[in-house]
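Numbered from 1 within each chain, the chains take letters A, B, ... in sequence-line order. The model shown is predicted, which means the values in this text are computed figures rather than measured ones.
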Amino acid sequence: MFFDSFSDFLAMGGHGFYVWLAYAIAVAIIIYNVVSPLLRKKQFIEQHKRRLKREQRLAERQAAVESGEQS
Amino acid sequence: MANGNEREMSLSRVFWITLRRDLMLAYRRRNDLVSPLMFFLMVATLFPLGVSPDPQFLSEVAAGVVWVAALLATLLSMDSLFRSDFDDGSLEQMLLSPQPLSLLVFAKICAHWMISGLPLTLMAPLLGLMLFLPQEGMSTLVLSLLLGTPTLSLIGAIGAGLTVGLRKGGVLISLLVLPLYIPVLIFGTGAVQAASTGLPVGGYLAILGAILALGMVLAPLAVAAGLRISVSD
Amino acid sequence: MAKSWKMPTWFYRLGSPRWSFEIMGKLLPWFAIGAVVLMVWGAIWGLAFAPADYQQGNSFRIIYIHVPAAILAQSCYLLMAVAGAISLIWKMKVADMVAKSCAPIGATLALLALATGAIWGKPTWGTWWVWDARLTSMLILLFLYIGVYTLHSAIENEITAGKAGAVLSLVGVVNIPIIKYSVEWWNTLHQTSTFTMTERPAMPPEMYLPLLLMVIGFYCFFAVVLMLRTRAEILEREKRSGWVRELVEAS
């Protein structure tokens, strides 16, 4: 360990603000890059599920109408 | 056998015909030619008004101001390079013609330079005078613009080719192309500043020439690829 | 004479979006573990155990994110251009999706390199921004990324957008060395800074080993986010195919 105490570690010899700000921005950008594609995938799956269900219902109704016409 | 004759047409003849056609078209619309020049003049006028009319200060920044203004004026005229040909369908004819597209594109870029870059270069000494550019730098300013503005047209054509089918092409071209203009700007202003302080300028002009040579070889190919992509859509 | 030249089989398999989706799914956890372990290890080592710099003190610890972000932002552009070239030459859908996914990731990494560079500049040079050669080149790289990204989003047809982006990124790759050289030369001419932040004679191993860990960790992180983005892109573009339907219905 380079620092004597934990508060020394946080202070970074007076440069604490700069060092921690830089690392905070890094963490924010890393999280953004990981979370945004995951959210996009989740959103797509939900949307697509609904779309598929709608199409299925539409097909069923169409089939019912057609069989009604035939009888 | 008109078709057979066309195929036998030599490449240099194709080049000259396209060049003449574009120059003729530009001549018919003379008024459009003046606006980039006026823009060039106005941008350069804004600097003394916006910053300071002090001759000492202006002579220091003159090279940069003239170059940045030339760069923006070229960019402004870039959108029209393929626009009218795209609108009236002659661009599609060019894509379908048996002649290599990159050659046609190269001829069009040459014509574009003659009606935008060349007048800018000829007008540059006037701006140099207005901005108190040292007398020693004047000839180098013209020479560097003479070598640099064709490169600007070549690189700008890549952006114009990629955005020709898009409605908001104009602004987009600047976003695509401005970062690519930076080396030309650096060496162009570097040459003028060196000349103003009495240093040799051969190296700068050689690099500008090398960039121009590279651009002449590669840019028409990229423009042709870009046009094929954006027109086929 | 006319011997047909073939790429290895896995290269052609990559052309199948489904196969790529699945193989990326298998690779993802390993790269994720690598990224987390290496980056946490490197950050703790660099922040708490590495010695301070004799000139810059503790602010030098920003190097452990600035340098990896800068290296990666450049590699990402190269990858984007290579993937673009592959998609132009072999008409490979997945390569096009990789190229598209590279642009936003690369832009955020260039932004990170710029932000950390500016923060580092404050205690080192006393100002938030200095026209230092590396920072300036990074800013231009960010502009290039923004150009590719804007072109992508301006063109509605996905296939056209991919091709146009590929041409632009190839033009950019030819230009990057020229830009870098010209900016470095411009910087030496104007002498804005007396010493560069990251170029120093012989770092001791306690300083550069954590840096090495962080660089490898960032590469793993990049692989992870690139695969995440590409997988989302594959799903969206292949939504009409049967396997995506099955996958969506099963979830």
Side-chain angles (χ1 to χ4, degrees), chain B residues 64 151 154-191 193-194 197 199 203-204 207-208 210-212 214-215 217-233, chain C residues 77 81 84-85 87-89 91 96 103 107 110 131 133 136-191:
Chain B
T151 317
L154 285 162
I155 299 174
I158 300 175
L162 285 170
T163 57
V164 71
L166 304 172
R167 230 167 278 142
K168 52 178 173 177
V171 194
L172 196 55
I173 292 182
S174 0
L175 274 185
L176 306 187
V177 161
L178 272 179
L180 304 174
Y181 276 176
I182 289 168
V184 183
L185 175 71
I186 289 177
F187 289 111
T189 49
Q193 278 166 354
T197 46
L199 294 169
Y204 302 85
I207 291 174
L208 279 176
I211 297 177
L212 174 60
L214 189 71
V217 176
L218 293 180
L221 297 174
V223 180
L227 281 175
R228 282 193 200 286
I229 290 165
S230 46
V231 174
S232 69
D233 185 11
Chain C
Y77 199 92
S87 84
L88 280 181
I89 297 166
K91 311 260 181 285
D96 180 32
W131 289 97
T136 312
S137 315
M138 194 47 68
L139 185 64
I140 298 168
L141 186 66
L142 177 65
F143 291 159
L144 289 174
Y145 274 122
I146 291 173
V148 174
Y149 186 77
T150 334
L151 185 64
H152 254 294
S153 46
I155 303 176
E156 271 171 37
N157 184 326
E158 269 167 357
I159 296 166
T160 315
K163 284 184 191 164
V167 170
L168 186 64
S169 46
L170 282 172
V171 172
V173 148
V174 175
N175 265 276
I176 283 179
I178 304 175
I179 293 174
K180 248 184 122 70
Y181 167 71
S182 63
V183 167
E184 258 159 42
W185 175 85
W186 159 83
N187 196 53
T188 51
L189 184 77
H190 292 276
Q191 288 290 339

Student: Identify the heavy atoms of B/Gly190 and C/Trp185 that sit nearest to each other, and give their distance.
Tutor: CA-CH2, 4.4 Å

Student: With a 4.5 angstrom heavy-atom cut-off, is it the side chain or the backbone of C/Val183 that approaches chain B, or both, or neither?
Tutor: both

Student: Which heavy-atom pair separates C/Ala154 from B/Leu172 by the least distance, and what is that distance?
Tutor: CB-CD2, 3.7 Å

Student: Evaluate the side-chain proximity of B/Ile182 to C/Trp186: yes if any heavy-atom separation is below 4.5 Å, no if none is.
Tutor: no

Student: Working to the nearest 0.5 Å, report the span between CG of B/Leu180 and CG of C/Leu168.
Tutor: 7.0 Å

Student: Heavy-atom cut-off 4.5 Å, strictly under: side chain, backbone, both or neither for B/Ser174 against chain C?
Tutor: neither

Student: Side chains of C/Val171 and B/Leu218, heavy atoms from C-beta outward: is any pair under 4.5 Å?
Tutor: no

Student: Would you mind telling me which of B/Ile158, B/Leu176, B/Leu175 has the largest number of heavy-atom pairs within less than 4.5 Å of chain C?
Tutor: B/Leu176

Student: Counting only heavy atoms closer than 4.5 Å, note whether B/Tyr181 contacts chain C via side chain, backbone, both or neither.
Tutor: neither

Student: Is it the backbone or the side chain of B/Leu214 that comes under 4.5 Å from a heavy atom of chain C, or both, or neither?
Tutor: side chain

Student: Work out which heavy atom in C/Val167 is nearest to a heavy atom in B/Ala222; give both atom names and the distance.
Tutor: CG1-O, 4.1 Å

Student: Calculate, to the nearest 0.5 Å, the distance between atoms CG and NZ belonging to B/Leu162 and C/Lys163 respectively.
Tutor: 12.5 Å

Student: List the atom of B/Ser230, the atom of C/Thr160, and the distance in Å for their closest heavy-atom pair.
Tutor: CA-CG2, 4.4 Å

Student: Calculate, to the nearest 0.5 Å, the distance between atoms OG1 and CD1 belonging to B/Thr163 and C/Ile155 respectively.
Tutor: 8.5 Å

Student: With side-chain contact (heavy atoms from CB on, under 4.5 Å) as the test, pick out the partner of B/Pro179 among C/Ile140, C/Asn175, C/Leu142, C/Leu141.
Tutor: C/Ile140

Student: Mark yes when over 12 heavy atoms from residues, nucleotides or ligands other than C/Ile159 sit less than 6.0 Å from its CD1; otherwise mark no.
Tutor: no

Student: Select one option (side chain, backbone, both, neither) describing which atoms of B/Ile207 are under 4.5 Å from chain C's heavy atoms.
Tutor: side chain

